[in-house]
Amino acid sequence: MSKKKLPSRTEDFNDWYNTVVIRADLADYGPARGTMIVKPYGWTLWENMQQALDRRFKDTGHVNAGFPMFIPKSFIDREASHVEGFSPELAVVTIGGGKQLEEPLVVRPTSETIIGYAYSKWIKSYRDLPVLINLWNSVVRWELRTKLFLRTLEFWWQEGHTAHATYEQAQEETLQMLEVYIDFARNEAAIPPFFGRKSNSEKFPGADVTYSIEAMMGDKKALQAGTSHNLGQNFAKAFDIQYLDPNNEMQYCWTTSWGLSTRFIGAMIMTHGDDQGLIMPPRLAPHQAVLIPIYKDEDQKATVMDSVASVSAELIEQGIRVKVDDREGFTPGHKFNYWELRGVPVRIEIGPKDVANQSVALARRDVLGREGKSIVPQESVTSAVNDLLIDIQHSLLERATNFRDSNTSEPRDYAHFKEIVADGFAFAWWCGGETCETAIKNETKATSRCIPDSGLEDEDGKCIYCGEMSTDKVYFARSY
RNA sequence: CGGGGUGUAGCGCAGUUGGUAGCGCACCGCGUUUGGGACGCGGGGGUCCGCGGUUCGAGUCCGCGCACCCCGACCA
């Protein structure tokens, strides 16, 4: 099918990424610059992510809804920092049905404004609160430099939008959804993110506070993989979202929003992949196991395919997502490479030897070669595969955690800081001043990623840049 | 938007002095193969990015566009 080796991950990470996304059939380029076609294999992965997230959203009391893609341009202009943040990257529709429009329509870059419009109509009383709605949709931001999954003109995501009676409730929601993202990342995607508050300059346009999860990619750059915002009363005031409290007094709502996008697929690729291709975390993998029949002639084929059929039926029965690769005209070796490229966690080989011995051969994707192979009795194949999937899921998380921690360090001084961020994350004291933040960015290309709530109240240190007393410790890294 | 690069078959490329558009992979057919990317034979597939110019003749020379990719300023 495809050619030989991928570009080396260590020699050219960028080339490796671009090639693996295409070759593994996750996505393709769209005809318009910067657009992405998500292919069925990539979309299935996204569907699995959606299910894992949606379950968590429902468990925390949220419901889904659909909102318009077109937003009156004036809506965007109502919240000052929101306008400022999004104006440069808006796609604006000025003609509809062949006629110039009275008022241009913006293709939603995010839905805070139109949510504000709706919530102001819906919310009258404290009894209407909280409102907990999530949207699954796509949004458009006119980016200059694009890259499949990481930054495209259109991307798919979910955006949660909630309204509350008090600041405390909004803050609780904001942190709860941050926790949901952390849990999803760790336990579904096997990605151990750092998490915390964004600096002023990095926060969402219109938010009081932004929290994010930040993952370390295989090239030791950071990727913001999910965000949760406490919007304070900014949008409530801009869109007049008010309610009568129990004392019959008008109050502005407190709102939040939170989102996680197809960008997260990029995070999985760049966290787990190796020079053979993708490595899918078992819990989200489109195919958790691929079954490859091996035979030399028609007689062997008949008996081998019998075993294949019964093994696959048993696995499916147990809820394991299994794919049988019974394509003619490809050698087993070819299929091994084909499915390794696509990151299927477990490979099951069934050949004449296995039929004779009532066994199957298992190979785990995260441990290549002989070391990752084992022979198990056919009768225990289901539990063996199940155990293996669980083990792979754990190993991926452990491997990623070790990688993250061994490439994160605390700088002694600014010179040391520069060394660290050239090839990793630095966890450093920062005075909170934008001047220092900008200077660091200009001098090292590293930006502040997030400020964990690390319980450092009793402790303080000196800003890594200016030496002033500081109360916050911040992760700095080059980022996507 | 600045810098660099590339546009020739689905992908990767070659194309000499301007003279019949080619190679590898992929694809289709047949046969032999099949436990780590098989092989043979036969086939299909082209607006040579576009427009204009020079010429008997342009993939090739000249001009003007356009697109995409990579690197820098902004972002999930």
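A, B, ... follow the sequence lines: proteins, then strands. Residue 1 opens every chain. The analysis underlying the following values was restricted to heavy atoms, covering all of them including side chains, and did not include hydrogens, waters or symmetry mates. All of these numbers come straight from a predicted model, not from anything done at the bench.
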Inset, instruction - Report the C-alpha distance between A:R9 and A:D275 in whole Å, list the side-chain angles of each, state the deciding distance to 0.1 Å, and finish with yes or no for salt bridge (charged side-chain N to carboxylate O under 4.0 Å, His left out). - result: CA-CA 6 Å; A:R9 196 159 169 277; A:D275 281 358; 5.7 Å; no

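- Residue A:D354 contributes atom CG, which lies 13 Å from atom P of B:G35 at whole-angstrom precision.
- A:S257 places none of its side-chain heavy atoms less than 4.5 Å from the side chain of A:T162.
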Legend entry - Candidate pair A:E214 and A:K198, rule salt bridge (charged side-chain N to carboxylate O under 4.0 Å, His left out), full reasoning: CA-CA 10 Å; A:E214 302 280 335; A:K198 282 293 204 181; 2.7 Å; yes

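- When heavy atoms are screened at a 4.0 angstrom cut-off, A:K335 is found touching no nucleic acid atom at all.
- Between A:I213 and A:F264 there is a side-chain heavy-atom pair separated by less than 4.5 Å.
- You'll find a donor-acceptor pair under 3.5 Å spanning the side chain of A:R347 and the base of B:G36, going by distance alone.
- Distance check on atom C1': B:U54 versus B:C61 gives 8 Å, rounded to whole Å.
- Between A:W339 and A:H334, the ring center distance fails the sub-6.0 Å criterion.
- With a 6.0 Å radius and a threshold of 12 heavy atoms from other residues, nucleotides or ligands, A:E47 has its CD atom above the threshold.
- Atom NE2 of A:H272 and atom CD1 of A:I392 lie 12.0 Å apart (nearest 0.5 Å).
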Inset, instruction - Please assess A:R404 against A:F425 for the test side-chain contact (heavy atoms from CB on, under 4.5 Å), listing each intermediate value before the final yes or no. - result: CA-CA 8 Å; A:R404 180 196 72 178; A:F425 284 22; 5.6 Å; no

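- No donor-acceptor pair closer than 3.5 Å links the side chain of A:K147 to the backbone N or O of A:N18.
- Residues from residues 374-385 of chain A with heavy atoms under 4.0 angstrom of RNA chain B: there are none.
- Summarising the geometry, the separation between CZ on A:R327 and P on B:U34 is reported as 18 Å, rounded to the nearest angstrom.
- Ring centers of A:F204 and A:H82: under 6.0 Å apart, within the cut-off.
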Contact list (N/O, under 3.5 angstrom) for nucleotides 5-7 of chain B vs protein:
none

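- As rounded to whole Å, 18 Å separates atom P of B:G35 from atom CH2 of A:W339.
- Comparing the P positions of B:G24 and B:G4 gives a spacing of 36 Å, expressed to the nearest Å.
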Inset, instruction - Go through the steps for A:E340 and A:K335 under the test salt bridge (charged side-chain N to carboxylate O under 4.0 Å, His left out), then give the verdict. - result: CA-CA 8 Å; A:E340 274 170 6; A:K335 293 176 180 178; over 6 Å; no

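- Contact annotation for A:T152: base contact, defined as any heavy-atom pair under 4.0 Å involving a base atom.
- Across the C1' atoms, B:G15 and B:C23 are found 10 Å apart, a figure rounded to whole Å.
- Computed from coordinates, the A:L6 CG to B:G37 C1' distance equals 12 Å when rounded to whole Å.
- Across the P atoms, B:U8 and B:C69 are found 14 Å apart, a figure rounded to whole Å.
- In this structure, the ring of A:W156 has its center less than 6.0 angstrom from the ring center of A:W43.
- Across all strands shown, the partner of B:G42 is B:C28, judged by Watson-Crick or G-U wobble contacts whose two distances both fall under 3.5 Å.
- Classified by interplanar angle (parallel below 30°, tilted 30° to 60°, perpendicular above 60°), the ring pair A:Y181/A:F57 is perpendicular.
- Rounded to the nearest Å, the gap between the P atom of B:G10 and that of B:G46 is 8 Å.
- Taking a pair to require two hydrogen-bonding distances under 3.5 Å in either a Watson-Crick or a G-U wobble arrangement, B:G2 pairs with B:C71.
- Looking only at side-chain heavy atoms (C-beta outward), A:R197 and A:D453 stay at 4.5 Å or farther from each other.
- With both pairing distances under 3.5 Å, B:U34 is matched to nothing as a Watson-Crick or G-U wobble pair.
- Spacing between atom CD of A:Q276 and atom P of B:G37 amounts to 12 Å, rounded to whole angstrom units.
- Across all strands shown, B:C66 forms a Watson-Crick or G-U wobble pair with B:G7, both key distances being under 3.5 Å.
- Look at NE2 on A:H334: it is 12 Å from P on B:G35, rounded to the nearest Å.
- Across every strand in view, B:U55 sits unpaired, with no contact that passes the Watson-Crick or G-U test at under 3.5 angstrom.
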Taking N or O atoms only and anything under 3.5 Å, show me the protein contacts with nucleotides 68-74 of chain B, one pair per line.
unit_1, atom_1, unit_2, atom_2, d
B:C68, OP1, A:R33, N, 3.0
B:C70, OP1, A:N18, ND2, 3.3
B:C71, OP1, A:N14, ND2, 3.4
B:C71, OP2, A:R145, NH2, 2.4
B:G72, OP2, A:R145, NH1, 3.1

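- Nucleic acid contact class of A:E349 (heavy atoms, under 4.0 Å, all strands): base.
- Counting non-hydrogen atoms under 4.0 angstrom, A:G351 reaches a base of the nucleic acid.
- The salt bridge (Lys or Arg N to Asp or Glu O under 4.0 Å) pairs that include a residue from residues 278-295 of chain A are A:E188-A:R283, where partners are two or more places apart or lie in different chains.
- Rounded to an integer number of Å, the gap from A:K198 NZ to B:C75 P is 11 Å.
- Under the ring pair (Phe, Tyr, Trp, His ring centres under 6.0 Å) rule, A:F75 has a single partner from A:F70, A:F239, A:F86, which is A:F239.
- Formation of a donor-acceptor pair under 3.5 Å by the A:S359 side chain with backbone atoms of A:V355 is not found in this model.
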Please list, for nucleotides 40-50 of chain B, all pairs of protein and nucleotide N/O atoms separated by less than 3.5 Å.
none

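- Between B:C66 and B:C49, the two C1' atoms lie 7 Å apart (nearest whole Å).
- Close to B:U34, at under 4.0 Å from its OP1 or OP2, lies no side-chain N or O of A:T331.
- Base pairing of B:G22 is made with B:C13, judged by Watson-Crick or G-U wobble geometry with both donor-acceptor distances under 3.5 Å.
- Judged by distance alone, the side chain of A:S479 and the main-chain N or O of A:L223 form no donor-acceptor pair under 3.5 Å.
- Within residues 282-315 of chain A, the residues having any heavy atom under 4.0 Å from RNA chain B are, by residue number, A:I294, A:Y295, A:K296.
- Closest to the side chain of A:N337, out of B:G36, B:G35, B:A38, is B:G36.
- The gap from the P atom of B:G12 to that of B:U20 amounts to 26 Å, rounded to the nearest Å.
- Among the protein residues, A:L260 comes within range of no part of the nucleic acid, since none of its heavy atoms lies under 4.0 Å from any strand.
- Spacing of P atoms, B:G19 relative to B:A58, comes out at 11 Å, to the nearest Å.
- Classified by interplanar angle (parallel below 30°, tilted 30° to 60°, perpendicular above 60°), the ring pair A:F417/A:F476 is perpendicular.
- The OH-P distance, from A:Y338 to B:A26, rounds to 14 Å in whole Å.
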